[in-house]
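Okay, so here's the structure we're looking at.
Proteins get letters first, then strands, A, B, ... in listed order; numbering begins at 1 in each. Here the structure is a predicted model, which means the values were calculated and not measured.
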Amino acid sequence: MKEALRVVGRGLITLLVASFVIYLALSLAPGDPATALAGNRATPEQVETLRQELGLDRPVVVRYAAWLAASLHGDLGRSLQFRQDTASLIEPRLGVTFLLVGYAFLLILVFGIGLGLLPSVRSWLSWPVVVVTALGISIPAFVAAMILIQVFALNLGWFPVLGTSNGDLRDQLWHLTLPAIALAISWVAYVGQITRASVREQAGKEHVDTARGRGLAPRAIFSKHVLRNAAIPIITISGLALAALVAGSIVVETAFGIGGIGSLLVTSVLAKDYDVVLAISMIFVLAFVVATTVADLALVALDPRLRSKMSA
Amino acid sequence: MSTLATAPHEWSVGTLLRRLDPVLTVVTVVLVALVVVAICAPFLAPYPPEQIDLLDANQAPSAAHLLGTDSLGRDILSRLIYGARLTFLGPTLIILLATIAGVSLTISSVWIGGTYDRIVSRALDILFAIPGILVAVIAVAIIGPGLIAPVIALSLAYTPYLARVLRSVAMRERHLAYIEAGTLMGLSGWAIGWRHLVPNVMPMVRAQAALAFGAALVDLAAVSYIGLGVQSPIPEWGVMVAEGQAALLNGYPWQAISAGIAIVVVVLLVNVAGERLALRLERPR
Amino acid sequence: MTETLLELQHTGLDIPVGGRLLPVVHDVTLTIARGESVGLVGESGSGKSMTARTIMRLTRHDWRPRGAVRFAGEDVLAMGSRRLRQLRGAEIGMIYQDPRAHTNPVRTNGDSLLEGMLAAGVPRQEATERALGLLASVGIPDGVRRMAQYPHQLSGGLLQRIMIAAAMSMQPQLLIADEPTTALDVTTQEEVMAIIGEQRTERGLSLLVITHDLDLAAAVTDRIAVMYAGAVLEVAPSRSLHREARHPYTVALMTSRPALGSRRRIQTIPGRPVSAFEVGEGCVFAARCPFAVDHCRTERPELREVDGHQVACHRIDEIGDEIDALRGEL
């Protein structure tokens with residue numbers, strides 16, 4: 001319990017510092033929001049008044065604290081590009097991104113871990129799995145996107161080429177299938193590699209021989225002594241994978257023309273729409289910290305060595 | 001099985017060949033060849049990379065254009081060869097900067113220890129919590145599109161990654177006998193750090209740098225692909241995939257697919273090299 | 001003491017290395033009677049532990065055991081996987097050199113203690129009661145608390161006691177103790193050996209103690225088999241091995257040990273110890289043996305009876321005086 005609190009505390013501190021660093025970094029960006037907001041015909045005096053209204057004359061720490069307080073109340077500023085409230089701009093797109101990331105994460109868990117376990121079911125599959133995962137790791141999401149669109153959308157016509165659906169969940173998932181595969185592919189391979197390696201390592205451990213020497217059946221040995229122990233590194237990597245998928249949505253949403261927050265971030269950067277860039281960056285960092293913290297908590301639950309120190 | 005190992009004085013061409021990893025050798029030769037091709041682009045590329053020929057647009061591969069032409073009639077092979085330059089240069093700079101930063105930070109913090117070590121470690125942990133591509137996008141928001149912002153950003157993003165792997169090695173080496181002997185002989189911390197610690201962590205640095213190179217190449221090409229990195233019409237593989245995507249949707253997949261495969265092949269080669277270097281660390285000669 | 005429980009006849013083990021089968025055990029011939037305690041002694045790398053693994057068939061699928069291993073008359077090498085699982089644990093128990101490495105760190109001590117019994121179909125309630133009784137008998141009174149703890153919360157000595165309790169829980173007829181005290185500190189070593197001894201007398205257990213420590217073996221066993229480079233070279237009563245060693249290797253081994261209160265110089269065996277896969281056709285000790293002749297290098301000697309010892313040496317009848325002279329220095 002104490003260790004769990006420490007993990008959560010560490011996550012919160014990371015979140016706070018990382019968000020401040022991002023705020024600080026973006027405040028260094030050239031261009032003056034007040035000038036931009038006031039428009040071309042504003043006098044210097046008007047711009048100065050607006051600057052004071054926006055609080056731009058105050059130190060960055062104070063502005064950050066104000067931003068943090070406002071954002072906790074759901075006020076994320078205004079989008080210059082869309083002339084709209086940032087929160088209401090982001091909100092409808094958030095669901096699409098989370099659906100995409102969740103879909104890809106499911107693929108990673110099922111196919112990544114499944115791929116890594118194949119060699120322990122059929123030992124002749126070891127070599128093919130090594131080759132497939134080595135290749136898979138080397139395929140970037142945007143290259144996977146090209147190949148998937150060419151083969152499964154254009155040639156075979158099984159999936160739509162681009163865009164999202166406004167229909168029911170089934171239709172949405174159908175639209176998100178190719179993007180999720182593109183997003184997941186290198187991580188499926190990576191998780192597969194880690195799974196295979198840690199299962200192999202654990203299977204060679206001496207305590208597995210002890211279990212064999214006690215007359216346990218192979219199935220019981222595999223689940224209680226091999227898989228149980230291999231789960232620890234697999235969960236660490238899965239947590240990293242989930243975090244990386246969130247960032248990966250930037251690329252995949254652009255590739256497939258999906259209206260999530262990833263593609264919105266790209267257009268906002270190009271449009272110098274800083275409030276939106278700031279808000280989305282923070283959401284990504286939040287998702288990243290949450291994913292790694294949940295993985296750390298799972299580790300604490302799974303590994304007794306992390307929970308308690310020597311007491312004998 | 002140590003008895004099977006050859007004694008050091010029995011060196012010969014035979015043992016040398018056996019000690020060389022054939023896979024690593026082949027992969028290295030191919031990668032060096034690709035770098036040479038990129039450097040010699042003006043002599044090797046069949047066409048100037050920006051030579052537009054609208055009458056010859058969207059051609060399938062032929063004897064005149066081995067990989068076909070893009071929607072402006074530019075030769076895809078020539079653009080790939082020229083594009084290799086920035087595609088390789090970016091990650092090289094990133095890994096170079098990140099390695100220098102990672103090695104100096106790790107060695108100094110392991111050596112100095114105390115509060116400095118704690119602050120450096122926490123700072124790196126926090127940097128680790130921000131995904132590389134996001135750092136790159138934020139940097140572009142500040143500095144503007146191009147190669148410079150993402151290279152700086154990704155160097156920063158890869159520093160904690162390299163530092164983390166190094167830290168465990170450095171911690172281990174620090175307590176080994178030869179380092180302690182050096183301390184007893186009155187060598188200064190920095191002398192020991194740079195003269196003894198650094199050479200001993202170098203094999204690990206090489207392996208990790210190779211693995212990180214592949215990841216950096218992918219991240220950088222991705223930034224260019226989403227339009228925030230290298231800008232068209234400058235040839236670069238990420239840009240070529242992005243430009244090629246429009247053609248692909250119109251039924252001309254040559255550019256997107258060939259640039260995509262080029263990325264996959266190079267990343268695969270670099271990854272294999274990294275794995276092989278890491279493998280050598282596990283099985284010392 | 002006459003009924004044979006375990007019988008090894010020309011038992012060997014080949015392991016594939018880089019596409020070739022290499023022997024790690026050449027030739028072990030040994031019997032253990034019911035209730036008897038036998039020591040298997042040798043330098044590290046002599047194949048002791050691999051012999052133990054072969055007895056329990058704790059081998060990988062591509063390892064190739066040779067010869068015969070019979071347990072209560074039944075051929076262990078011919079057993080199917082189901083029969084083998086009954087043999088392991090329920091008939092032969094084993095404890096290991098490093099209890100920490102041999103215990104799963106993420107499962108509770110109770111899990112490790114009960115898993116054998118549960119696998120054999122003992123109800124959990126009964127298994128738990130039996131385990132608590134066993135823990136008390138190996139000197140762990142607060143069994144309930146210990147069973148809820150994890151291995152990292154226990155010292156090596158405590159962990160080894162739990163391993164002994166786990167091995168005893170299935171009421172085996174033979175206990176194989178593979179260097180049971182090497183990883184423990186000196187004071188715990190004695191306690192652990194005492195516990196093993198108690199269990200043996202209480203249950204009429206047969207014991208196979210594998211160790212590199214001649215004194216330890218002499219203290220807890222009836223007979224000792226001396227192993228070198230994958231082969232047993234001499235089997236002798238524990239009491240008389242020290243004074244009446246026959247085989248040139250055993251004698252050399254005796255004279256190479258320091259003894260308390262003795263002023264003689266320690267003799268070393270010339271040459272370096274070799275592994276089983278490095279020796280050729282002949283006697284495994286031929287390369288380092290001062291008495292070796294051509295015959296020794298071409299044909300492997302069998303164990304034969306000499307004055308109450310079993311000795312594997314071609315020249316044992318001819319070199320009696322030289323051996324006596326060597327031993328005289330003891």
Side-chain angles (χ1 to χ4, degrees), chain A residues 10-11 13-18 21-22 25-30 134-135 137-147 149-150 153-155 161-162 186 193 243-248 250-251 253-255 262-263 265-270 272-274 277-278 280-281 284-285 287-289 292, chain B residues 122-123 125-145 149 153 211 214-215 217-228 237-238 241-242 244-245 248-251 253 255-272 275:
Chain A
R10 204 164 50 206
I13 293 173
T14 305
L15 190 59
L16 208 63
V17 176
V21 170
I22 289 175
L26 281 172
S27 72
L28 296 175
L135 182 65
I137 283 179
S138 311
I139 303 178
F142 63 96
V143 175
M146 296 307 117
I147 298 167
I149 291 175
Q150 178 65 37
L154 294 175
N155 290 358
V161 175
L162 292 174
S186 62
Q193 238 178 29
L245 289 183
V246 175
I250 299 173
V251 177
E253 286 178 8
T254 305
S263 52
L265 178 64
V266 176
T267 49
S268 303
V269 165
L270 288 171
K272 298 188 189 307
D273 199 350
Y274 289 112
V277 172
L278 184 63
I280 296 176
S281 302
F284 280 160
V285 171
F288 202 92
V289 171
T292 46
Chain B
R122 286 300 295 145
D125 277 356
I126 288 167
L127 195 54
F128 198 73
I130 310 177
I133 190 121
L134 181 60
V135 182
V137 169
I138 292 172
V140 172
I142 301 164
I143 302 174
L211 291 171
L217 194 155
V218 170
D219 278 351
L220 201 58
V223 173
S224 294
Y225 169 79
I226 57 178
L228 301 182
W237 294 354
V241 175
Q245 187 171 1
L248 178 136
L249 295 175
N250 290 324
Q255 169 159 237
I257 298 295
S258 51
I261 287 175
I263 294 173
V264 173
V265 168
V266 170
V267 173
L268 182 64
L269 290 172
V270 173
N271 282 349
V272 170
E275 295 289 345

[X] portion near chain B, given a 4.5 angstrom heavy-atom threshold:
X: Ala144(A); value: neither
X: Leu154(A); value: side chain
X: Gln193(A); value: side chain
X: Val277(A); value: side chain
X: Leu15(A); value: neither
X: Ala244(A); value: neither

Most contacts with chain B, counted as non-hydrogen pairs under 4.5 angstrom, among [options]:
options: Val251(A), Ile149(A), Val246(A); answer: Val251(A)
options: Pro140(A), Ser186(A), Ala145(A); answer: Pro140(A)
options: Ser268(A), Ser281(A), Gly11(A), Ser27(A); answer: Ser281(A)

Residue pair [X] / [Y]: nearest heavy atoms and the distance that separates them:
X: Ala153(B); Y: Ala139(B); value: CB-CB, 3.6 Å
X: Asn271(B); Y: Ser138(A); value: ND2-OG, 3.5 Å
X: Leu26(A); Y: Ala141(B); value: CD2-CB, 3.9 Å

Please determine, among [options], the option with the most heavy-atom pairs under 4.5 Å with chain A.
options: Ala221(B), Gly144(B), Gly238(B); result: Ala221(B)
options: Ala256(B), Pro145(B), Ala222(B); result: Ala222(B)
options: Ile261(B), Val223(B), Leu249(B), Leu269(B); result: Leu249(B)
options: Ile263(B), Val135(B), Val270(B), Val266(B); result: Ile263(B)

- CG/Asp219(B) to OH/Tyr225(B) distance, rounded to the nearest 0.5 angstrom? 15.0 Å
- Query: Roughly how far apart are Arg10(A) CZ and Arg122(B) CZ, rounded to 0.5 Å?
  - Reply: 7.0 Å
Compare all side-chain heavy atoms of [X] with those of [Y] and state whether any distance is below 4.5 angstrom.
X: Thr14(A); Y: Val285(A); result: no
X: Ile257(B); Y: Leu248(B); result: yes
X: Val137(B); Y: Val266(A); result: no

- Contacting region of Leu228(B) [heavy-atom separation from chain A under 4.5 Å]: side chain
- Note on the structure: Hits for side-chain hydrogen bond (donor to acceptor under 3.5 Å, both in side chains) against Glu275(B), two or more places apart or cross-chain, chain-then-number order -> none
